[in-house]
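Read through the structure below, which is laid out as structure tokens, and then see the notes.
Computed from a predicted model, the values in this text were never measured in an experiment.
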Amino acid sequence: MLNHAAHVVTGTGQIPLLAVLATGGTIASSRGADGAASPSLRAEDLLALLPSMAVDLRPQEVLAKDSASLTLADMQRISDAVATELADPRIAGIVALHGTDAMEETALLVQLQHAPRKPVVFTGAQFASDHPRSDGARNLTDAVRTALQPPRPGGVTLAFGGWVLPVWGLYKFTSDAPDAFRRVADEGATVTRPLPAPVDGLRVDIVATHPGSDGLHLEASLAAGAQGIVVSALGSGNATPELVAAISRARAQGVMVVVSSRVPEGLLSPIYGGGGGGHDMRRAGAIHARLLRPGQARILLAAMLANGCSEAEIARAFETAPETVPA
């Protein structure tokens with residue numbers, strides 16, 4: 001189905017065609033009789049909110065979920081839908097409508113798997129469609145306009161709250177303001193070649209730590225069959241001697257462990273000892289995520305495991321500054 005938002009001929013003699021992929025999230029949500037907001041709007045409903053623009057829009061319903069519920073299989077389904085549209089020569093670009101809780105994760109998976117040369121723009125909303133501060137229509141308008149521009153360096157972008165941001169190093173920093181996303185640092189990606197293998201058959205867990213935490217949760221992930229584990233550590237990637245011991249046991253079982261941090265910004269360095277610091281985790285066999293925070297670290301680890309990347313490749317991707325990563 002085409003939605004003819006305008007009938008203005010571009011300089012090429014054609015109106016560009018964009019694919020709009022709906023996956024649920026707040027942008028598609030409205031409140032029910034019980035007061036709870038849940039995805040209920042279709043892509044066509046959202047496109048009707050757009051101003052007149054010189055573009056044809058082809059909507060597709062991929063999922064209708066809150067992004068907090070997305071599994072790796074769901075994210076793979078979205079990535080596969082993007083791949084299908086990228087392969088269509090008629091498509092000039094893609095807009096993906098997505099929940100904000102996991103937007104930076106699915107967007108990174110799309111970038112890692114496809115390294116798209118057409119514009120792929122993710123967007124969503126902080127406030128439901130019937131909220132007094134509803135921001136979905138504005139974000140969608142910005143995303144469509146961004147997708148009509150030449151692709152930006154770095155590939156997949158996020159158009160949200162008046163910003164257009166590359167996805168590498170992206171994180172959600174607020175739950176109640178329209179301007180919801182930031183980047184850890186203004187750096188390029190350390191992985192630029194496509195990692196196309198699907199991730200839907202993997203289990204990669206995030207294990208949260210706190211002062212004085214033991215290795216119980218990491219051991220539970222091992223028992224559940226996790227093939228990779230990301231530790232959401234403190235500070236510059238620190239925890240306790242008990243967790244370091246659990247990391248050693250995971251590595252002895254061949255399970256990759258990446259250490260990130262619950263601190264939202266700043267580059268991490270494994271310099272602390274004392275039995276539970278980042279230096280000790282490195283000695284136990286963990287990889288220290290220099291830039292990516294836990295959500296995106298999980299996606300990168302899953303993609304690299306799915307593609308059979310070596311431990312050395314994985315370490316370079318997480319630990320090396322982009323300007324020194326071999327081509």
Side-chain angles (χ1 to χ4, degrees), residues 19 21 23 60 62-63 65 67 69-88 91 94 96 98 102-118 120 122 151 154-157 166-170 188-207 221-222 224-231 250-251 253-260 285-287 289-320 322 325-327:
L21 307 181
T23 70
Q60 180 189 158
V62 181
L63 292 171
K65 281 189 170 184
S67 64
S69 300
L70 296 182
T71 63
L72 284 179
D74 291 327
M75 293 181 183
Q76 185 62 56
R77 181 175 171 185
I78 295 168
S79 184
D80 290 344
V82 171
T84 298
E85 299 297 345
L86 287 172
D88 187 338
I91 293 293
I94 299 166
H98 198 286
M103 187 183 298
E104 71 268 31
E105 294 163 55
T106 304
L108 180 61
L109 181 64
V110 170
Q111 174 61 34
L112 290 171
Q113 291 188 326
H114 309 303
R117 298 189 177 184
K118 296 178 182 180
V120 177
F122 276 71
V156 179
T157 57
V167 299
W168 187 264
L170 199 66
T190 59
V191 178
T192 55
R193 70 177 179 91
L195 299 171
V199 299
D200 50 355
L202 292 176
R203 179 177 184 130
V204 179
D205 288 352
I206 296 176
V207 172
S221 286
L222 290 177
Q227 291 127 302
I229 295 172
V230 174
V231 176
R251 296 297 294 121
Q253 296 178 36
V255 175
M256 297 295 301
V257 179
V258 172
V259 178
S260 183
I287 292 169
R290 175 179 173 273
L291 181 132
L292 296 185
R293 279 353 191 226
Q296 287 200 331
R298 174 176 177 257
I299 296 302
L300 177 58
L301 180 57
M304 299 195 82
L305 290 173
N307 283 271
C309 296
S310 68
E311 184 175 339
E313 289 178 286
I314 295 172
R316 283 197 300 270
F318 279 102
E319 296 184 342
T320 313
V325 172

Next item on the list: Output, in order, the C-alpha distance, side-chain angles, deciding distance and verdict of side-chain contact (heavy atoms from CB on, under 4.5 Å) for Ile94 and Leu21.
Entry: CA-CA 8 Å; Ile94 299 166; Leu21 307 181; 4.0 Å; yes
Item checked: Validation row: Leu72, Arg298 side chains within 4.5 angstrom (heavy atoms) -> yes
Next item on the list: Using the salt bridge (Lys or Arg N to Asp or Glu O under 4.0 Å) rule, collect all pairs that involve residues 74-83, keeping only residues at least two apart or in two chains.
Entry: Lys65-Asp74
Check: Where do Val156 and Trp168 land on the side-chain contact (heavy atoms from CB on, under 4.5 Å) test, with the steps shown first?
Finding: CA-CA 9 Å; Val156 179; Trp168 187 264; over 6 Å; no
Item checked: Ala289 to Val258 - nearest heavy-atom pair and separation -> CB-CG1, 3.9 Å
Item checked: Distance, nearest 0.5 Å, that separates OG1 of Thr106 from CD of Gln76 -> 10.5 Å
Notebook entry, point to check: Can you list the residues that meet the salt bridge (Lys or Arg N to Asp or Glu O under 4.0 Å) rule with Glu105, with sequence neighbours excluded?
Noted result: none
Next item on the list: Quick one: closest heavy-atom pair of Ser221 and Ile229, and the distance?
Entry: CB-CD1, 3.9 Å
Check: Are side-chain heavy atoms of Leu301 and Ile287 found at a separation under 4.5 Å?
Finding: no
Note to self: Could you walk me through whether Thr23 and Phe122 satisfy the side-chain contact (heavy atoms from CB on, under 4.5 Å) test, starting with their C-alpha distance in whole Å, then the side-chain angles of each, then the deciding distance to 0.1 Å, before giving a yes or no?
What the structure shows: CA-CA 11 Å; Thr23 70; Phe122 276 71; over 6 Å; no
Notebook entry, point to check: Going by heavy atoms in the side chains, are Leu195 and Cys309 under 4.5 Å from each other?
Noted result: yes
Next item on the list: Compare every heavy atom of Ala102 with every heavy atom of Met75, then report the nearest pair and how far apart it is.
Entry: CE-CB, 4.0 Å
Next item on the list: Report yes or no: does His114 contribute a side-chain atom to a donor-acceptor pair with the main-chain N or O of Ser79 at less than 3.5 Å?
Entry: yes
Notebook entry, point to check: Are the side chain of Gln113 and the backbone N or O of Ala197 linked by a donor-acceptor pair below 3.5 Å?
Noted result: yes
Next item on the list: Please report the shortest heavy-atom distance between Arg251 and Met256, naming the atom on each side.
Entry: NH1-SD, 3.8 Å
Note to self: Measuring from atom CG of Leu109 to atom CD of Glu104, what distance do you get when rounded to the nearest 0.5 angstrom?
What the structure shows: 12.5 Å
Check: Ala107 and Val167: which non-hydrogen atoms are nearest, and at how many Å?
Finding: CB-CG1, 3.6 Å
Check: CG of Leu291 to OG of Ser260: how many Å apart, nearest 0.5 Å?
Finding: 9.0 Å
Margin query: Would you compute the distance between atom CE of Met304 and atom CZ of Phe318 and round it to the nearest 0.5 angstrom?
Written below: 7.5 Å
Checklist line | Reported CD1-to-CG distance for the pair Ile299 and Leu112, which is rounded to 0.5 angstrom | finding: 8.5 Å
Check: So which heavy atom on Gln60 is nearest to which on Ala81, and how close?
Finding: OE1-CB, 4.2 Å
Next item on the list: Supply the atom-to-atom distance Leu108 CG to Leu170 CG, rounded to the nearest 0.5 angstrom.
Entry: 9.0 Å
Check: Under the side-chain contact (heavy atoms from CB on, under 4.5 Å) criterion, do Arg290 and Thr190 qualify, and how do the steps go?
Finding: CA-CA 11 Å; Arg290 175 179 173 273; Thr190 59; over 6 Å; no
Notebook entry, point to check: Would a 4.5 Å heavy-atom cut-off, applied to side chains only, mark Met103 and Ser67 as touching?
Noted result: no
